[in-house]
Every structure is written in structure tokens, then in C-alpha cells.
Amino acid sequence: MKVTTDALIVRENNNIGESDRFVTALTRECGVVRASVRGARNLKSRSSSATQLLCHARLTLYKGREKYIVDDAEPLNVFFKVREQLDKLALAQYFCELAGELAPVEDDADEYLRLV
């Protein structure tokens with residue numbers, strides 16, 4: 001099943017293989033999903049900037065057995081200004097962690113996404 005949705009990357013884990021990235025995203029239609037992004041750590045990857053922490057992106061997801069797989073990612077807003085000051089970055093990461101815990105898993109989360 002292929003789904004194209006807006007998402008906010010709320011958590012990332014770069015310790016998956018040599019060039020893969022594993023992210024947790026708060027999506028509009030699917031709620032909180034865990035997804036694998038193949039080749040996202042390569043320098044020439046198209047999905048590298050769109051799957052960073054605190055990035056609002058349009059993701060094309062495929063449902064795998066245990067997790068989703070990001071097929072395509074297009075950044076909508078990267079929020080570079082938030083990363084300039086440590087207190088803003090810490091507060092933004094706190095709200096991302098909070099949204100990742102409170103938002104519904106694999107259910108409609110449009111209101112949560114708009115709030116965060």
C-alpha cells in the first residue's frame with residue numbers, strides 16, 4: 001500500500017547499516033510511524049535533507065511487514081532557524097518527543113501535526 005502524506009520527523013536513528021536511516025515521523029494520515037529510509041546517509045541522496053530531525057516533509061511511504069519504507073521524500077520546511085540557538089533546539093526536540101508519545105499510532109493525526 002502506497003501513501004503520500006505530510007510528516008514531521010520527530011526522531012531519527014542513524015545507526016542502521018552503512019547508509020540507511022531509521023526515522024519516527026508524525027504523519028497527517030497515518031499518525032506516528034516508524035520508517036526506514038534507504039541510502040539517506042549518502043552524500044548524494046535525495047532524501048537526506050528531508051528525513052532529518054525537525055524537518056517537515058512530504059513522504060511517500062510503503063507498508064512493510066513491521067515498519068514503513070520511505071520511497072520518496074521532499075522537504076517542505078527544514079527549520080534551520082530553530083537549530084541556531086541551543087534553548088530553541090532543546091525545546092523543539094522536547095515537543096517532538098512529546099508528540100511522538102502522545103499522537104496516535106497509525107491513525108489520523110492531522111490535529112497533532114498542525115499543533116506541533
Side-chain angles (χ1 to χ4, degrees):
M1 176 174 88
K2 178 180 172 182
V3 177
T4 301
T5 184
D6 290 350
L8 177 69
I9 307 300
V10 295
R11 194 176 305 137
E12 69 175 331
N13 183 359
N14 288 331
N15 298 329
I16 308 290
E18 189 172 304
S19 64
D20 296 344
R21 179 180 288 161
F22 195 70
V23 297
T24 303
L26 175 60
T27 63
R28 189 174 307 279
E29 286 88 11
C30 302
V32 176
V33 297
R34 298 169 48 107
S36 173
V37 188
R38 294 187 179 148
R41 291 175 49 197
N42 290 336
L43 292 175
K44 296 182 180 181
S45 174
R46 296 182 323 159
S47 60
S48 178
S49 66
T51 57
Q52 294 179 25
L53 184 64
L54 300 175
C55 182
H56 182 230
R58 180 162 293 121
L59 302 178
T60 302
L61 303 168
Y62 285 101
K63 176 77 171 155
R65 289 185 207 152
E66 299 172 4
K67 61 184 180 283
Y68 284 85
I69 299 166
V70 176
D71 185 50
D72 189 32
E74 173 189 346
L76 299 176
N77 196 348
V78 185
F79 301 111
F80 284 120
K81 293 285 185 183
V82 173
R83 299 173 190 197
E84 290 178 353
Q85 293 181 344
L86 188 59
D87 56 341
K88 287 182 181 179
L89 179 63
L91 192 60
Q93 287 182 328
Y94 172 74
F95 280 113
C96 283
E97 288 288 328
L98 195 61
E101 293 296 322
L102 296 178
V105 177
E106 295 189 12
D107 195 13
D108 185 36
D110 183 40
E111 292 149 2
Y112 289 92
L113 185 61
R114 280 190 290 134
L115 180 66
V116 176

Would you list the atom pairs, donor with acceptor, under 3.5 Å between side chains in residues 90-99 and any protein atom, with sequence neighbours excluded?
from  : atom 1 : to    : atom 2 : distance (Å)
Glu97 : OE1    : Arg11 : NH2    : 3.2
Glu97 : OE2    : Arg11 : NE     : 3.3

Donor-acceptor contacts, no H, no angles, side chain residues 73-86, under 3.5 Å, sequence neighbours left out:
from  : atom 1 : to    : atom 2 : distance (Å)
Asn77 : OD1    : Phe79 : N      : 3.4
Arg83 : NH1    : Gln52 : OE1    : 2.7
Arg83 : NH2    : Gln52 : OE1    : 3.4
Arg83 : NH2    : Leu53 : O      : 2.5

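With a 4.5 Å cut-off between side-chain heavy atoms of Ile, Leu, Val, Met, Phe, Trp and Tyr, the cluster of Tyr62 takes in none.
Nearest heavy atom pair, residue Tyr68 against residue Cys30, reads OH-SG, 4.3 Å.
The salt bridge (Lys or Arg N to Asp or Glu O under 4.0 Å) contacts involving residues 85-94 comprise nothing, where partners must be two or more places apart or lie in separate chains.
Val32 and Val37 sit in two unconnected hydrophobic clusters of ILVMFWY residues. Membership requires side-chain heavy atoms under 4.5 Å apart, directly or through other members. Transitive grouping of hydrophobic side chains (ILVMFWY, heavy atoms separated by less than 4.5 Å) brings Val33 and Val23 into a common cluster. The hydrophobic clustering, which links ILVMFWY residues whose side-chain heavy atoms are closer than 4.5 Å, places Leu89 and Ile9 apart.
Not counting sequence neighbours, the partners of Asp72 by the salt bridge (charged side-chain N to carboxylate O under 4.0 Å, His left out) test are Arg46. The salt bridge (charged side-chain N to carboxylate O under 4.0 Å, His left out) test applied to Arg58 returns Asp6, not counting sequence neighbours. The side chain to side chain contact (heavy atoms under 4.5 Å, CB included) test applied to Ala7 returns Ala25, Thr27, Leu59, not counting sequence neighbours. With sequence neighbours excluded, the residues that form a side-chain hydrogen bond (donor to acceptor under 3.5 Å, both in side chains) with Thr5 are Glu29. Listed by chain and residue number, nothing satisfies the salt bridge (charged side-chain N to carboxylate O under 4.0 Å, His left out) test with Lys67 (two or more places apart in sequence, or in another chain).
Atom CG of Leu26 sits about 9.0 Å away from atom NE2 of His56, to the nearest 0.5 Å.
Contact check for Leu61 versus Ile69: no side-chain heavy atoms found under the 4.5 Å cut-off.
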